[in-house]
Amino acid sequence: MYFVEFNIILSSCLYFSDAFGLYGLGNGYRFFVRELNSTFGVFDSSPILTKWIRQPLDHFDQNETRAWHMRYFERLDYWKRKGPIYMFINGEGPASQWFLQTGILYELAKETKGAMYLGEHRYYGKSKPFKDFSTENLAYLSSRQALADFAKLIKAIKMSPKYNESKVVVVGGSYAGNLAAWMRLLYPNLVDAAIASSAPVLAKKDFYEYLENVSEDFEQHGTPGCFDKIKEVFSKYDELFKTSSGIEQLREEEQICESTDMDKPENKQLFFLDKTSEFMYEAQYGSPESIKGFCEDLKNTSQVFSAKDDDSDLWNEKNNCFDYDFDAMIENMRQVDWIMAWTYQTCTEFGYFPTTNSDEQPFTNNVFVDLFFSLCTKLYGHDFDEKRIDEGIERSNNMYGGLTPNVTQVVFVNGDLDPYHKLGVLEDVSYEAPAKIIPLSSHCRDLFSDKAKDPEELKEARKYIKYLIKRWIGAGEYKKPVKKP
Ligand SMILES: *[C@@H]1O[C@H](CO)[C@@H](O)[C@H](O)[C@H]1NC(C)=O
Ligand SMILES: *[C@@H]1O[C@H](CO)[C@@H](O)[C@H](O)[C@H]1NC(C)=O
Ligand SMILES: *[C@@H]1O[C@H](CO)[C@@H](O)[C@H](O)[C@H]1NC(C)=O
Ligand SMILES: *[C@@H]1O[C@H](CO)[C@@H](O)[C@H](O)[C@H]1NC(C)=O
Ligand SMILES: *[C@@H]1O[C@H](CO)[C@@H](O)[C@H](O)[C@H]1NC(C)=O
Ligand SMILES: *[C@@H]1O[C@H](CO)[C@@H](O)[C@H](O)[C@H]1NC(C)=O
């Protein structure tokens, strides 16, 4: 089974893509850990306290009596009177202390004598209102409830007289980047400024643009002929599916289990999604160099190797084969709480389903949005159909304002390699809500630093982001970066 040991690392910015590819999850994780390992040999691990706050199950029912406990971390060793409060919003995964030990929030806190906090999102990590993630129990999982949790947490923290002159800054990446921006939208009196990193603020059902950008990444940064090679390999898969002898050949070459019925349309789609996801992870978490390496491998082998770790749910270790059975995958997903929770949020609020519904990509047209409707209904029940998905997406975009959220003092940061940026704010919403696109940068990359290896563009961007935050909260001495980004 996948991802049990995950609490060590950077949840949100990682989990996000993974739950979105739905399986074959091992790969995104590997890139990320590799990167983190090389990035943070040493980090500052002063005492961090773990605390809990009681939260109502439903913030919008005045008669609510049911409650649960939300976990949060606190680190105060850099805090000095009047210093700001920094709150990291942890997204769809277990809370990670990393964000209070390194990266942009840590640096800001150090430079402005701030208090550091990190809150865990309801239904993830140890902040679970229920043990059993049945559909009925998932009803209180939504971004709107989570925002109310964070508002209550920040209010409680600010009750302390020592913070009577402290500003509040929230930081988040990926889905939690959305939440950071939306905290400013819904609680402008509580939160003074926000960093929304790699935030796909626009909810969208058929997110075919994702693969278009994966494709562009490989075209621009792959080795010569890479794009054509991808096309060739996928066309071959497509061709093989047309005959039963072809399917047998595929079964052999791709180590597909004897028992998996590859004539079933959902299983075929799953095969293509799995093969495609290897490229998605490369685009989302990789770099121009890793994309080139991937191209070299592809050229040498003419095959796309699916992830085979024991954390890949499609690899059947017992029988030494890949099981592309959609229904079996659904049963595996049920075993993992955070996947049940995140997939629920995609089915009820955001979509973000990566289909092949575009000619501007080489992965053939074999992954349809219906596959994801089927996923939603099979996981949560018949009500969770296309109509409900549409309504949820519309509600999110109406409530939060899509690509033009009515906020100020929020900086929207995106990496241009990261395919998610197609649902992000790429143009300034206003002078006080600017967009920053970082060339050659991947998902959430601005949140972590590696002083030795980060490209200049990334360092400049980080300086700029910190400058904005300091200006917005009027913190100590802030200097405008010399080079205007
Ligand atoms: C990352 O570092 C940890 C601890 O040093 C190690 O166990 C792990 O194998 C490393 N992972 C990768 C992908 O390099
Ligand atoms: C809350 O309880 C009061 C009194 O029992 C009742 O009149 C009201 O309808 C309840 N409100 C909600 C939102 O359930
Ligand atoms: C905050 O508290 C300190 C110490 O009690 C006090 O001196 C100061 O005037 C307070 N500031 C505000 C804005 O209330
Ligand atoms: C997509 O990817 C390419 C190549 O990495 C990049 O230059 C481009 O800006 C991306 N974004 C869009 C919206 O096309
Ligand atoms: C690809 O094959 C060539 C020639 O066989 C070899 O020199 C090269 O190291 C291989 N590259 C990779 C990434 O395996
Ligand atoms: C945006 O928010 C401001 C208050 O923060 C409000 O006055 C204004 O009407 C809002 N604009 C829109 C288009 O909702």
Side-chain angles (χ1 to χ4, degrees), residues 2 15-29 204-215 217-218 230-231 233-238 240-241 247 250-251 254-257 260-285 294 298 303-309 311-316 321-333 336 339 342-343 346-347 350-379 389 419-420:
Y2 29 38
Y15 286 171
F16 190 59
S17 88
D18 284 340
F20 149 112
L22 302 174
Y23 51 79
L25 309 172
N27 233 16
Y29 177 59
K204 191 165 193 288
K205 179 170 65 177
D206 184 349
F207 186 17
Y208 62 84
E209 295 93 337
Y210 186 99
L211 283 179
E212 291 182 346
N213 207 239
V214 173
S215 169
D217 285 353
F218 276 84
I230 300 172
K231 226 171 166 164
V233 171
F234 276 80
S235 303
K236 184 187 158 197
Y237 291 148
D238 205 19
L240 287 176
F241 265 103
I247 289 180
L250 195 71
R251 205 184 282 284
E254 299 295 333
Q255 278 187 279
I256 300 171
C257 301
T260 312
D261 179 1
M262 294 309 285
D263 287 320
K264 234 174 115 179
E266 282 176 344
N267 297 354
K268 177 182 174 187
Q269 289 194 61
L270 190 52
F271 173 86
F272 277 95
L273 185 53
D274 177 48
K275 293 298 177 191
T276 307
S277 70
E278 300 294 322
F279 296 84
M280 295 186 197
Y281 297 133
E282 206 39 82
Q284 188 167 325
Y285 292 115
F294 196 89
L298 185 67
Q303 237 178 318
V304 182
F305 293 103
S306 302
K308 229 191 227 183
D309 328 75
D311 55 10
S312 157
D313 52 329
L314 296 177
W315 176 244
N316 180 328
C321 56
F322 286 100
D323 185 5
Y324 289 105
D325 189 80
F326 187 69
D327 293 324
M329 183 194 75
I330 300 263
E331 290 316 307
N332 287 341
M333 290 174 77
V336 187
I339 290 184
W342 176 245
T343 309
T346 64
C347 295
F350 304 118
Y352 301 143
F353 302 132
T355 71
T356 53
N357 286 334
S358 163
D359 295 333
E360 310 281 304
Q361 48 82 16
F363 305 103
T364 68
N365 191 8
N366 279 298
V367 181
F368 312 122
V369 75
D370 310 45
L371 183 72
F372 301 95
F373 304 157
S374 174
L375 181 78
C376 295
T377 51
K378 284 183 175 177
L379 278 175
I389 293 168
Y420 263 113

Which atom names give the shortest non-hydrogen contact between Phe353 and Cys376, and what distance separates them?
CZ-SG, 4.1 Å

Any chance the rings of Tyr210 and Tyr352 have centres within less than 6.0 Å?
no

Under the salt bridge (Lys or Arg N to Asp or Glu O under 4.0 Å) test, residues paired with Lys236 that sit two or more places apart
Glu253

Measure across Ala283 and Val214 and return the closest heavy-atom pair with its distance rounded to 0.1 Å.
CB-CG2, 3.9 Å

Go through it in stages, so that I can follow the logic: the residues are Asp274 and Ser306, the test is side-chain hydrogen bond (donor to acceptor under 3.5 Å, both in side chains), and I'd like the CA-CA distance, side-chain angles, deciding distance and then a yes or no.
CA-CA 7 Å; Asp274 177 48; Ser306 302; 2.7 Å; yes

Residue among Thr355, Val369, Asp359 satisfying side chain to side chain contact (heavy atoms under 4.5 Å, CB included) with Tyr208:
Thr355

Rounded distance (nearest 0.5 Å) linking atom CG of Asp370 with atom CG of Asp206:
9.5 Å

Rounded to the nearest 0.5 Å, what separation is found between the CD1 atom of Ile330 and the CG atom of Leu379?
4.5 Å

Point-to-point distance, once rounded to the nearest 0.5 Å, from CE of Met262 to CZ of Phe271:
6.0 Å

Stepwise, does the side chain to side chain contact (heavy atoms under 4.5 Å, CB included) test hold for Phe322 with Trp315?
CA-CA 5 Å; Phe322 286 100; Trp315 176 244; 3.6 Å; yes

Does Ser215 use its side chain to pair, donor to acceptor, with the backbone of Leu211 at less than 3.5 Å?
no

Any chance you could lay out the side chain to side chain contact (heavy atoms under 4.5 Å, CB included) test for Lys275 and Val233, step after step, and finish with the verdict?
CA-CA 10 Å; Lys275 293 298 177 191; Val233 171; over 6 Å; no

Any side-chain heavy-atom pair from Met329 and Leu375 closer than 4.5 angstrom?
yes

Just checking Lys231: does its NZ atom have more than 12 heavy atoms from other residues, nucleotides or ligands closer to it than 6.0 angstrom?
no

OG on Ser374 to CG on Asp327, rounded to 0.5 Å
7.5 Å

d(Glu266 CD, Lys268 NZ) to nearest 0.5 Å is 13.5 Å

Taking the ring of Phe279 and the ring of Phe234, is the distance between their centroids below 6.0 Å?
yes

Per side chain to side chain donor-acceptor pair (under 3.5 Å), Asp323 is matched among Asn332, Asn267, Thr260, Asn316 by Thr260

Stepwise, does the side chain to side chain contact (heavy atoms under 4.5 Å, CB included) test hold for Thr346 with Phe372?
CA-CA 10 Å; Thr346 64; Phe372 301 95; over 6 Å; no

For Thr364 and Ser235 the tightest heavy-atom approach is CG2-N, 4.0 Å

Rounded to the nearest 0.5 Å, how far apart are CG of Asp325 and CG of Asp261?
8.0 Å

Only one of Phe363, Phe241, Phe368, Tyr324 forms a ring pair (Phe, Tyr, Trp, His ring centres under 6.0 Å) with Phe272, so which one is it?
Phe241

Could you tell me whether the side chain of Glu360 reaches within less than 4.5 Å of the side chain of Glu209, counting heavy atoms only?
no

Might you work through the side chain to side chain contact (heavy atoms under 4.5 Å, CB included) test for Lys378 and Met333, ending with a clear yes or no?
CA-CA 11 Å; Lys378 284 183 175 177; Met333 290 174 77; over 6 Å; no

Side chain to side chain donor-acceptor pair (under 3.5 Å) test vs Asn366 passes for just one of Thr356, Thr276, Asp238, namely Asp238

